[in-house]
Amino acid sequence: VCEGGSVVLSANVQPTGTYNYIWSFNGQTLNTQNVSTLTTSDTLTAGTYTYGVEVWNNVSGTSCSATAEFIYTVVTDPTIDSIMTSLPNNQMCVGGNVTLTAVLGTNMLNSNANVTYTWTRNGRTVNSAVGNEITENLTVAGTYTYTVVASLNNNNYNTGCVSEPQSVVIEVLEQPFVGISYNGLLQVCQGGYVELTAIVEGGVDTPTLTWRRNNMRISEYDDDYTIHTDTNDRIGTYNYSVTATYPVATGCVATSDEIS
């Protein structure tokens, strides 16, 4: 049982008849009435205890007796300190993955205790969740509340010990938008240039920008929002695009349409 709980112990004596009972706790006789049942103390702290009972019959002139012991284990309630997530600010974009990890409190670790976890998403059980860590792929924008509860069993016996629920909110955003604006005309003479500016909307955290000309990266313009096209003397058409990349964990990435 958990701390604060108790159970009723019953002396099962064969053959049936009228008997006398003396109960003990860790070898010390308890001041109990002559009864066949005993309710364990609800003030015991976590640990292992021994309850015993001695039984003898009420037949005059006989001295038949028997003893029995019961090993009784008290465990602390499981606690979940927090839920860790793989996301910055618990935000991500549609199509991305989130990993949630329930951090169990250290106060209840017991060599004979096993912990099971029940996860819910927006109030519905996540049937695929096993253990204290789950990974979800979220494809619809919105707000998702994940809640986890830890249950404790001891030697495969359900103790009824359950933690307080711990929750975290994950916000799923639409993929960001990236475009390119420009001043003036897109047609220039030899030696001229056009000023291009990246327009970035949405996403999670600060993106990194990568510019490309004819699908080739222009590394000198990395993370620049405004660039100048090359002052090229060669007549031709040049295609420019820009990609906004966010922390990988968020699943957010977008590339502009090409501008020529």
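Here the structure is a predicted model, which is why all the values come from computation and not from measurement.
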Ignoring hydrogens and angles, tell me if any N or O in the side chain of [X] forms a donor-acceptor pair with the backbone of [Y] under 3.5 Å.
X: Ser41; Y: Thr43; answer: yes
X: Ser86; Y: Thr99; answer: yes
X: Trp211; Y: Asp224; answer: yes
X: Asp223; Y: Leu209; answer: yes
X: Glu164; Y: Thr79; answer: no
X: Asn137; Y: Gly96; answer: yes
X: Asn132; Y: Val103; answer: no
X: Glu174; Y: Ala141; answer: no
X: Asn214; Y: Tyr238; answer: no
X: Thr229; Y: Val194; answer: yes

Indicate, with yes or no, if [Y] and [X] share a hydrophobic cluster defined by side-chain heavy-atom contacts under 4.5 Å among Ile, Leu, Val, Met, Phe, Trp and Tyr.
X: Phe177; Y: Ile180; value: no
X: Val172; Y: Val140; value: yes
X: Val188; Y: Leu196; value: yes
X: Val253; Y: Leu87; value: no
X: Tyr117; Y: Met84; value: no

Can you tell if the side chain of [X] reaches within under 4.5 Å of the side chain of [Y], non-hydrogen atoms only?
X: Trp56; Y: Tyr19; result: no
X: Ser151; Y: Thr116; result: yes
X: Thr120; Y: Tyr146; result: no
X: Phe25; Y: Thr50; result: no
X: Trp119; Y: Thr125; result: no
X: Val94; Y: Leu173; result: no
X: Val169; Y: Thr143; result: yes
X: Val115; Y: Leu104; result: yes

Derivation of the side-chain contact (heavy atoms from CB on, under 4.5 Å) call for Val178 and Thr243 = CA-CA 7 Å; Val178 180; Thr243 298; over 6 Å; no
Would you say [Y] and [X] are linked by a side-chain donor-acceptor pair, where the criterion is simply a distance under 3.5 Å?
X: Ser10; Y: Thr37; result: no
X: Tyr144; Y: Glu136; result: no
X: Thr226; Y: Thr197; result: yes
X: Tyr72; Y: Thr40; result: yes
X: Thr67; Y: Glu54; result: no
X: Thr85; Y: Asn90; result: yes

[atom1] ([X]) with more than 12 external heavy atoms under 6.0 Å:
X: Tyr182; atom1: OH; answer: no
X: Glu220; atom1: CD; answer: yes
X: Asn26; atom1: CG; answer: yes

Closest heavy-atom pair and its distance - [X], [Y]:
X: Gly203; Y: Cys93; result: CA-SG, 4.4 Å
X: Ala150; Y: Pro78; result: O-CG, 3.5 Å
X: Ile83; Y: Gln166; result: CD1-O, 3.3 Å
X: Val148; Y: Ala102; result: CG1-CB, 4.0 Å
X: Trp23; Y: Ser36; result: CZ2-O, 3.4 Å
X: Pro247; Y: Thr206; result: CD-O, 4.3 Å

Derivation of the side-chain contact (heavy atoms from CB on, under 4.5 Å) call for Thr210 and Val242 = CA-CA 6 Å; Thr210 303; Val242 62; 6.0 Å; no
From [atom1] ([X]) to [atom2] ([Y]), nearest 0.5 Å:
X: Asn12; Y: Leu9; atom1: CG; atom2: CG; value: 12.5 Å
X: Ser260; Y: Tyr240; atom1: OG; atom2: OH; value: 10.5 Å
X: His228; Y: Tyr193; atom1: NE2; atom2: OH; value: 4.5 Å
X: Asn57; Y: Cys64; atom1: CG; atom2: SG; value: 5.0 Å
X: Ser65; Y: Asn20; atom1: OG; atom2: CG; value: 11.0 Å
X: Asp42; Y: Cys2; atom1: CG; atom2: SG; value: 13.0 Å

Do the two ring centres, one from Phe70 and one from Tyr51, sit under 6.0 Å apart?
-> no
Check step by step if side-chain contact (heavy atoms from CB on, under 4.5 Å) holds for Tyr21 and Leu38.
-> CA-CA 10 Å; Tyr21 303 88; Leu38 174 74; over 6 Å; no
Would Val98 and Leu138 satisfy side-chain contact (heavy atoms from CB on, under 4.5 Å), going step by step from the backbone distance to the final call?
-> CA-CA 8 Å; Val98 57; Leu138 301 175; 4.1 Å; yes
